[in-house]
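This structure is a prediction, so every number in the text was calculated from the model and none was measured. Counting convention: from 1, in listed order, for ligands and their atoms alike. Heavy atoms only: backbone and side chains are in, while hydrogens, waters and symmetry mates are out.
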Amino acid sequence: MSIERLEQVKRQLAIWAREYYVEDAPSVPDAEYDRWYQELLAIEAAHPEWVRPDSPSQRVGAAPVQAFGTVIHRQPMLSLNNAFEPADVEGFDRRVREALEAIGASSSGTDAAPFYACEMKYDGLAVSLRYEDHLLVEGATRGDGSSGENITQNLRTIKAIPLRLPPQAPRILEVRGEVLMYRKDFEALNQRQEAAGDKRFANPRNAAAGSLRQLDPQITASRSLRFFAYGVGQVQQVPGAPADADPLPACHLELLEQLAAWGFPVGTHAGAEDAAGLMRFYERIGAARDGLPFDIDGVVYKLNDRRLHEQVGYVARAPRFAIAHKYPAQEALTDLLAIDVQVGRTGVLTPVARLKPVFVGGTTVSNATLHNYSEVERKGLRIGDTVVVRRAGDVIPEVVRYLPERRPPEVLALSEQAASAWRPTACPVCGSAIEQVEGEIAWRCTGGFACEAQRKQALIHFAHRRAMDIEGLGDKLVEQLVDQGLLRDPSDIYRLERAALTALERFGEKSADNLLAAIEVSRTRPLERLLFGLGIRHVGEEVARLLARHYPDWRALAAQDWPALLAHKQALQKQKTRKHAAPTGPIPLEGIGPEIFASLERYFKAPASLQLLGALDALGVRPVNPAFRPVAEPQDSADPLAPVGGPFAGKTFVITGTLPGLSRDEAAQRIRDAGGHVAGSVSRNTSVLVAGEAAGSKLDKAQQLGVPIWDEARLLSELKEQA
Ligand code: IVH
């Protein structure tokens, strides 16, 4: 810790602050800025004598750009201190209690136990909206907290911002809140930017900032911005009234309700009485975060009693009565060390970034998907670049972009060809030719089962819990068995011998017996699981189930003339849409499109498939098929995707959160066995939401829509009753 280091940190932060606040073009993720800023705070805390007025810790934001007029904030727009750990939240609660006690000692009648208002921390741009005589007269950015830019004309274009307030509102009212852009609008904007040859925005917040700072309000108007209110600035019922004559509700939560009543969008908010309650809100919103339509970077806690705010006071320029509790950063910087190409089950080649390990989104990340070749090209990535890595929730980490200013000279000097030397011209695993299927972005290895990578993946899929469910036959063991030449295709699983297994490295007698027992029971899995496990293109679990309902066994599927059936189906469909048409019989395999028909034809006519199915049969793999309903039998419904029968027939279920006893798969299976349909998201068509621990946005939505909500116990009792 030296004064030289402090100066260096301040210089760097000043550069980044300018990029961020003034130019709307940050070159580093927030987490990087935060890291340096924390260092600055640590140095200044150890050496208060080094603190100068020019330190970023001594001001709220950056200077406004000059093109807009300046607005002096009649009440400063403050920033919040941050909490990252539960201990920081406890510290906040303690400081508030101490402050309240101190006040209680001097002002009688004050309750020393605090109550808090909890809100989301919107990741957008703070603005202040001034209403005089109920009309929007001025809107400004935060700027440096004391003065900001006059962007009234641009704010007027945001539909979420009321232009006029009802007469009950105070004659002078400044509403504060955040302007932001929904993720879907951000994606759409970037697509338009790209199509027009303009630069993409790094994230929704920069897109919102860039859109708001347009000199031409027409452009702002075309950008789908939103607004959420979270507080007020100056409030006067009568012009010139004293500042303490605030006519608004004394409690912040009621103030939010009041603002909502006057037409301002207000996000999820709740009360809490102590640090544990604050943490619960943090967890709840954290679980719902990825499902929100916009980005948040934390939650905000505020002392609910607004009358106490001034008395509880400030530390430097941040309030003591409020704090922001941040979620782990979802973006971080690291080095792109290499690009490997992986071959998937269907031969698709996926470039994968090997990264210098970095902590992001709550875990250490060292690999990230690059999706496909075009994506790497579009992003212009080169090995050796410094890249932004993003990991949001449970989503696979991805490389967002590289920092051009950090590209090392030797990487910059590479020719296009040398820079893309990582990109193979043949399958990196088996050396077979690769091809780009027409109409697809992906490149594929043409090796099929001859390709070891495809073989391994296909075997892993076959044995998977949701396919043939062979317990113990996971990724590692499949790799080992393929490498030893013991497995080539799924039929080899049923040829495995005990002696060969026990000879494997680190594979004991007990493991061998368990595996053989698991293989044994898999011989009579339901047909739909075999069909799914075969990995036929476009045949997922749902399609496999549908097929099993219409065909008794695989031989019937192999005997089907798929093109003829498709032609018949299309003819019936046409007839049905014709006016005054005579009623047709049920349409065969409704819900299965031409692409799947073509894939079934390809699979079941290929000699290799028939050979495999024949071999499985000879080895005693005889799937059962309780789901089969002969086609000739009249059905309740012409829609084969609709449940055929059972107590839950016609009902659509959604499962969310962690159930105490059942896994989600098990719960789904039971629902399906009872004839119900299981969907992924809640809508008006949902019959029941089955909710467990830590249920998030789906629960909120179900409550909003009035969808009945069951816990596991209720589900089980309904199943029992109806069985
Ligand atoms: S309250 C005195 N509430 O966070 C308290 N701020 O660092 C002033 N923000 O500039 C702010 N969501 O841009 C508050 N629910 C919320 C917020 C929020 C986002 C932003 C705002 C402010 C910054 C504070």
Side-chain angles (χ1 to χ4, degrees), residues 17 20-21 24 30 33-34 37-38 41 56-57 59-62 64 73-84 88 92 96 116-129 139-149 151 155 174-181 204-206 208-209 212 225-235 252-253 255-257 259-260 264-272 278 281-282 285 289 292 294-327:
Y20 186 99
Y21 287 109
D24 292 337
D30 295 3
Y33 183 97
D34 280 350
Y37 190 70
Q38 293 301 325
L41 293 185
S57 68
R59 62 172 178 180
V60 181
H73 299 305
R74 291 160 182 90
Q75 289 211 3
M77 291 185 75
L78 303 169
S79 72
L80 297 167
N81 279 329
N82 290 329
F84 296 97
D88 302 336
F92 163 68
V96 169
Y116 298 104
C118 310
E119 286 169 74
M120 296 192 277
K121 187 170 190 299
Y122 310 100
D123 198 5
L125 214 77
V127 299
S128 184
L129 307 169
T141 62
R142 186 177 69 168
D144 66 2
S146 314
S147 65
E149 296 158 304
I151 52 162
L155 288 169
E174 285 177 8
V175 173
R176 275 143 188 210
E178 202 88 349
V179 169
L180 50 78
M181 190 178 282
R205 191 199 40 231
N206 297 128
L212 211 46
L225 294 168
R226 318 270 175 152
F227 174 79
F228 285 96
Y230 55 64
V232 293
Q234 194 185 31
V235 187
H252 185 72
L253 290 170
L255 170 67
L256 292 178
E257 298 298 336
L259 292 174
F264 294 96
V266 167
T268 305
H269 49 280
L278 299 175
F281 184 79
Y282 178 79
I285 298 297
R289 183 183 184 195
L292 293 173
F294 50 82
D295 286 352
I296 58 171
D297 57 348
V299 290
V300 180
Y301 312 135
K302 297 170 188 170
L303 185 59
N304 193 34
D305 191 336
R306 298 172 57 234
R307 292 167 307 187
L308 298 173
H309 285 185
E310 286 310 309
Q311 297 180 62
V312 170
Y314 303 83
V315 195
R317 292 205 60 191
R320 207 199 306 261
F321 54 82
I323 199 162
H325 189 183
K326 304 279 281 267
Y327 292 113

How far is atom 20 (C) of ligand 1 from its nearest protein heavy atom, and which residue and atom name does that atom have? E178 OE1, 3.6 Å

Is it true that D30 and R205 make a salt bridge, defined as a side-chain N closer than 4.0 Å to a carboxylate O? yes

Atom 12 (N) of ligand 1 sits nearest the protein heavy atom Y122 N, 3.1 Å

Compute the minimum heavy-atom distance from M77 to ligand 1 and say whether it is under 4.0 Å. no

Contact check, side chains of Y230 and E178, non-hydrogen atoms, under 4.5 Å: yes

Within less than 4.0 angstrom of ligand 1, does P319 place any heavy atom? yes

Please say which of L180, V179, V266 ends up in a side chain to side chain contact (heavy atoms under 4.5 Å, CB included) with F228. L180

Ion pair check, E174 and R176, cut-off under 4.0 Å: yes

Atom 8 (C) of ligand 1: closest protein heavy atom, distance to 0.1 Å, is L78 O, 3.8 Å

Checking side-chain polar atoms at under 3.5 Å, does H252 have a donor or acceptor matched by the opposite partner on E119? yes

Could you label the plane-to-plane angle of the F321 and Y314 rings as parallel, tilted or perpendicular, counting under 30° as parallel and over 60° as perpendicular? perpendicular

Residue, atom and distance of the protein heavy atom nearest atom 11 (C) of ligand 1 read Y230 CE1, 3.9 Å

Check A140 against L155 and note the closest heavy-atom contact, atom names and distance. N-CD1, 3.8 Å

Identity of the nearest option to atom 10 (O) of ligand 1, non-hydrogen atoms only, from H252, E119, K302, R142: R142

Would you say L80 has any N or O atom under 3.5 Å from an N or O of ligand 1, going by distance alone? yes

Contact atoms of ligand 1, heavy-atom distance to M120 under 4.0 Å: 12 (N), 15 (N), 16 (C)

